[in-house]
Amino acid sequence: MNKLLLGRYIPGTSWIHDIDPRAKLASGVSLIVAILSVGHVYTTAVLWIMTYLIMRLTGIRVRTYIRGVKPLIWIIVFTVVLQIFFTAGGTIYWAWGPLTVSQFGLQQGYLVFTRFVLVILLSTVITLTTRPTDLSDALYDLLRPLRLLRLPIDEFAFMLSISLRLIPDLLDEAQRILDAQRLRGADIGEGSLLRQMRSLIPVVLPLFQSSLNRADRLAYALEVRGFRQGIRRSRFRRFRWQWKDTITLSLVVLFTLGLLLW
Amino acid sequence: MHITLEDVAADYKLGPIRHADVLVHVQAVFRDKALTAVIGHTGSGKTSLLKVLTGLITPTQGRIRVGDIMVDAQDYSASHHKAIRKKMGLVFQYPETQLFAETVEKDIIFGPMNLGVPEQEAKEQARELAIKVGLDPKLLAASPFSLSNGQRRRVAIAGILAMKPDILMLDEPAAGLDPAGRKDILSLIMNWHREHQLTTILVTQDIDEAACYADEMIVMSEGTVVMQADTREVLSDPELLRAYNLESPRVRVLQEKIEYRAGIKLPRVCITIEELASALIEAGLV
Amino acid sequence: MAEPVLEVKGLSFRYIQHHDQQGDSEAISNVSLRILRGEWVALLGRNGSGKSTLAKLLAGILSPHGGEILLHGEPLDMDHSRRSDLPIGIITHHPDDHMIGTTVQDDIAFGLENRNIPYDEMKHRVEEVLERFKLSPYRHHDPSRLSSGLKQLAAIAGVLALKPSLIILDEALTMLDTRSKLEMIDTLRQLQVSEAITILSITHDMNEAAAADRLFIMESGTITASGTPDAIFKLYQELEPPLGESLRRCLLHKGRKVPSKYMTEEEVVDWLCTSPSKTLRQITS
């Protein structure tokens, strides 16, 4: 649980930290679009360099980011391997039954790898440099126009911010229950797959129960403090848009367009 | 079972950010067969102390000796820590949140069965235990989730006692209960302690409770043990306790008030009203 | 004369019982009480006596099955907790549950946001309240990482930012250690004096109840007694009294000559330190 880097905030004063979260989020989306649409192997070089520069700009060690990719490495490898062996085109280097290693396959494999890793790295940049509450506020602001389409954006935003509030509590609770059951002799996470699943019951069930209780108590607290669905609320947390946000966003959008058109 | 901690330190990290709870140079002795209370302000490390003893946190320094097994941080052996853990029963705060089985009986026998006790034997012991902790045996067949909070807490405690630990540790066992409920749970623990001559460690915020039930007290502050002595000795200096952010038991506070106003010192440290009354009479104030 | 801030008349409520539920149900029946402006009233009762149900009814979370609740003479509607003019502020038992915001100042602002209070006014009130309770150094802290004493202080700050006419402490001091409890009682006392804030504290702690001006006792869903702490503890000898009175009774029991009326802690200490026997001792020593 402690190794999950996605979602942790590391305070700092870098340029990236200071960008208005709305600009950050919008830029992030724009860059991810760029990454996912890349088709040429050579264009990827630009993307790698750019991502590296962005990571350096945050003032957080690149090693930390790489550690964030590690938990997902097997999925990445798996997908890459599939690409290599099951897509064929161009010069064929090796074949055996349905499996082929071809030039095209290798290219695709490399592209998939690039996309995966860069998207993870960029998302990590955003979450590490932005407070979770700021992120959810920014998301809300960006999605606000959708309210016109009668979509429940307010509810969604609220659900998000409450979840953020509850996550540390839930993690603490899960750890406590895990510790308690371990001390009662439960071997959690050992043995065959079936046994492992069974062994999680003493943790999952109480967690469920206490989460339901917590939801109850939270609902009470919310009501008691005046919250109701669909009410008009003012906002305490505000963002201040600065010239550097405009510049950053413009640069990013131009970059993305350039890449797409090339 | 005698427990000794020598110069123990521990910390735990959460990702790239360090967590605040640490233990620093902890030196403590838990006397065999005694009931020792561990008191201290929030964040002083009381719970961490229990965790490092049971091996939920690994010590970064120092030695822990339990009975004749020793765990040395320099020379760390997980199997030693596991061996120590087998002798200990730890009742976490709000233990009722860990109940999960289909019936109360099944939950109580969970621990013993994991230790290898045959099912039939465990079931019989569960029945005896239920009565001992004040539960109607009829409840053994009920779902733990249908019980009241007070009942569920007893089930959780029974589940730990069922494992027959040599050392019983409790983290705020009476948390969240009203005065009657607190008295009930603590007398239950006290009775068990006396009956089985069990080494008991009680971590609590409630100094009145600690004063009432403990033979010895360990005072913690900022991650280290600042005082360890007989209950009355620990309570003899209210100023010192205040320096560690602790208030004395209420009767003691009253005693202090009277002593200050009357300009005298009573013959001994008083923990109960009875004692205070007797001391006042002895001192000729009444 | 002081007009009642809160009036409860013949209130009753019952929870729907589940068939396999083994615990108690907290029903209340025919509860009536009155709280005057600037008073500190305590509601004393054990777990299961119905006091939490009463708190929920007053908070507008539950709708009574019978009777009525009047706030400043007007019936309470389910939405009263959102009225920006005369809210009832409630602080609950578990400090962790009460905290919604991810920082102390966000949390204080939460109640204000819900009442759609404009930004500038909000900012002003948050600052004011942080100042008043000396919480400014903690403004960016995660409330869940504070000590329970500070948490409840922050909760009170959040409630006071709303400028409520009545504060209900629903076992709010139970989870605090002795020292924080005493400090909190002090803080509330000061608020009562300086701002004529009306306080209803629901508790099972005798010493907390003794700090109030008036006391109600609740048992099995009804109010069984009401009066000043002196009167109550004198009348109901089986209740465990606050410390001072306990001492007086103990000395009486031991055959000493003590005044036979209920005494507060202050009074007992005074009496002990100025009794004739003491002056005699001083003279002879």
Side-chain angles (χ1 to χ4, degrees), chain A residues 1-12 58-61 63-68 71 124 127-129 167-188 190-191 195 198-214 217, chain B residues 12-19 21 47 50-51 53-57 81-82 84-102 106-117 122 143-147 149 152 156-163 165 167 169 171:
Chain A
M1 266 186 291
N2 297 341
K3 304 222 181 72
L4 266 174
L5 210 49
L6 223 57
R8 297 223 179 261
Y9 169 63
I10 301 180
T58 64
I60 297 171
R61 297 169 60 188
R63 200 181 302 174
T64 315
Y65 288 107
I66 298 185
R67 258 196 284 141
T124 312
T127 51
L128 286 187
T129 59
I167 286 173
D169 289 344
L170 283 174
L171 287 178
D172 281 346
E173 176 103 29
Q175 186 67 49
R176 249 186 352 105
I177 296 177
L178 192 64
D179 286 343
Q181 309 296 34
R182 276 230 173 93
L183 290 182
R184 292 172 76 188
D187 280 322
I188 316 256
E190 287 171 38
R195 245 180 118 235
R198 269 254 200 85
S199 74
L200 282 175
I201 294 177
V203 176
V204 169
L205 214 72
L207 200 58
F208 235 77
Q209 167 79 356
S210 79
S211 302
L212 291 175
N213 281 342
R214 190 183 297 268
R217 297 196 307 257
Chain B
Y12 42 159
K13 293 178 196 252
L14 272 182
I17 305 159
R18 201 171 190 139
H19 197 277
D21 286 355
T47 308
L50 295 182
K51 286 193 175 170
L53 279 173
T54 50
L56 292 170
I57 320 177
H81 229 151
K82 259 211 169 112
I84 288 182
R85 188 189 280 186
K86 281 213 165 79
K87 302 180 192 267
M88 298 178 170
L90 172 52
V91 178
F92 280 84
Q93 216 174 3
Y94 295 102
E96 56 270 16
T97 52
Q98 76 202 40
L99 301 180
F100 71 95
E102 286 146 43
K106 283 205 177 132
D107 204 285
I108 296 179
I109 64 177
F110 181 68
M113 281 184 70
N114 283 334
L115 290 177
V117 175
S143 160
F145 299 111
S146 69
L147 267 50
N149 274 344
R152 289 171 69 213
I157 294 179
I160 304 290
L161 295 176
M163 298 197 290
I167 300 160
M169 303 191 272
D171 193 350

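All chains are named by letter (A, B, ...) in the order of the sequence lines, taking the proteins before the strands, and each is independently numbered beginning at 1. What's counted below: heavy atoms across the whole structure, side chains too, no hydrogens, waters or symmetry copies. Model, not experiment: these values are computed from the prediction.
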For M163(B), the side chain to side chain contact (heavy atoms under 4.5 Å, CB included) test, sequence neighbours excluded, returns R184(A), P112(B), L115(B), I160(B)
In terms of heavy-atom contacts, P206(A) and Q98(B) come closest through CG-O, 3.8 Å
message = Could you check whether any side-chain N or O of R176(A) sits under 3.5 Å from a backbone N or O of T97(B), counting only pairs where one atom can act as donor and the other as acceptor?
response = no
Here the gap from Q181(A) atom CD to N114(B) atom CG, rounded to the nearest 0.5 Å, amounts to 9.5 Å
Hits for salt bridge (Lys or Arg N to Asp or Glu O under 4.0 Å) against K87(B), two or more places apart or cross-chain, chain-then-number order -> none
- Item | L183(A) and F92(B), any side-chain heavy atoms less than 4.5 Å apart | yes
- prompt: Side chains of F100(B) and Q209(A): does their closest heavy-atom pair fall under 4.5 Å?
  reply: no
